[in-house]
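The figures here come from the full heavy-atom set of this structure, side chains too, leaving out hydrogens, waters and symmetry mates.
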Amino acid sequence: MAQEQDRLSITLKFGSWTLPMTVRRDEEILYRQAEKFIKERFNFYTSNYPNQNTEMYLVMTILDIALQLKR
């Protein structure tokens with residue numbers, strides 16, 4: 001029972017997509033920060049590279065984040 005209390009149901013939102021998740025309560029802030037970071041990078045690419053499809057914006061965002069992690 002204590003383990004259930006340590007978990008929290010959250011929903012992350014990316015555009016029209018929703019991602020329901022169950023996370024550890026002490027990690028909720030990390031998921032919220034990650035959601036915000038992904039949205040910021042995605043919005044950067046949609047603003048700076050118009051007329052691309054959603055898939056291309058996602059690839060740009062993923063590559064950006066992966067490069068930051070590798071650096």
Side-chain angles (χ1 to χ4, degrees):
M1 179 121 176
Q3 289 179 346
E4 284 184 29
Q5 293 175 343
D6 293 338
R7 311 227 14 113
L8 181 66
S9 292
I10 63 171
T11 301
L12 303 180
K13 296 179 183 173
F14 302 99
S16 61
W17 301 325
T18 59
L19 181 62
M21 305 183 75
T22 302
V23 300
R24 288 184 13 196
R25 191 172 294 276
D26 63 342
E27 291 186 341
E28 177 191 10
I29 189 70
L30 297 174
Y31 283 89
R32 301 290 183 195
Q33 289 170 343
E35 174 188 34
K36 181 180 178 186
F37 183 62
I38 292 165
K39 287 177 181 179
E40 287 171 355
R41 299 316 304 150
F42 185 87
N43 290 337
F44 170 82
Y45 287 108
T46 59
S47 296
N48 289 286
Y49 298 92
N51 304 318
Q52 303 295 318
N53 61 37
T54 301
E55 187 175 85
M56 182 57 73
Y57 292 129
L58 290 172
V59 169
M60 292 176 178
T61 301
I62 292 165
L63 180 58
D64 183 331
I65 293 169
L67 285 170
Q68 289 186 45
L69 288 170
K70 293 301 287 182
R71 287 185 183 131

Seminar exercise, completed: Residues at least two apart in sequence or cross-chain that pass side chain to side chain contact (heavy atoms under 4.5 Å, CB included) with Ser9, listed by chain then number, are Thr22
Exercise. Under a 4.5 Å side-chain heavy-atom rule over Ile, Leu, Val, Met, Phe, Trp and Tyr, are Met56 and Tyr49 clustered together?
Worked result: yes
Problem set entry | Residues which pass side chain to side chain contact (heavy atoms under 4.5 Å, CB included) with Thr18, listed by chain and number, not counting sequence neighbours | Thr11, Lys13
For this session: Quick one: list whatever passes salt bridge (charged side-chain N to carboxylate O under 4.0 Å, His left out) with Lys36, sequence neighbours left out.
Result: none
Seminar exercise, completed: Contacts of Ile38 meeting side chain to side chain contact (heavy atoms under 4.5 Å, CB included) (sequence neighbours excluded), chain-then-number -> Phe14, Thr61, Ile65
Problem set entry | Shortest non-hydrogen contact between Gln5 and Arg25, atoms and distance | O-NE, 3.1 Å
Exercise. With a cutoff of under 4.5 Å between side-chain heavy atoms, which Ile, Leu, Val, Met, Phe, Trp and Tyr residues group with Leu63?
Worked result: Leu67
Problem set entry | Verify same cluster id: Val23, Leu30 (apolar side-chain graph, 4.5 Å) | no
Exercise. Are Leu19 and Ile29 linked, directly or through other ILVMFWY residues, by side chains that come within less than 4.5 angstrom of each other?
Worked result: no
For this session: For Glu27, enumerate each residue passing the side-chain hydrogen bond (donor to acceptor under 3.5 Å, both in side chains) test, keeping only those at least two apart in sequence or located in another chain.
Result: none
Problem set entry | Phe37, CZ atom: more than 12 neighbouring heavy atoms under 6.0 Å | yes
Exercise. Are Tyr31 and Leu8 joined in one hydrophobic group, where the rule is that I, L, V, M, F, W and Y side chains link up if heavy atoms are under 4.5 Å apart?
Worked result: yes
For this session: Could you grab the distance from atom CD1 of Ile10 to atom CD of Glu35, nearest 0.5 Å is fine?
Result: 7.5 Å
For this session: Keeping to residues at least two apart or across chains, list the side-chain hydrogen bond (donor to acceptor under 3.5 Å, both in side chains) pairs with something in residues 50-60.
Result: none
Exercise. For Met21, does the CE atom sit with more than 12 other heavy atoms under 6.0 Å from it, leaving out its own atoms?
Worked result: yes
Exercise. Of all residues at least two apart in sequence or in a different chain, which pass the side-chain hydrogen bond (donor to acceptor under 3.5 Å, both in side chains) check with Asp64?
Worked result: Arg41, Tyr45, Gln68
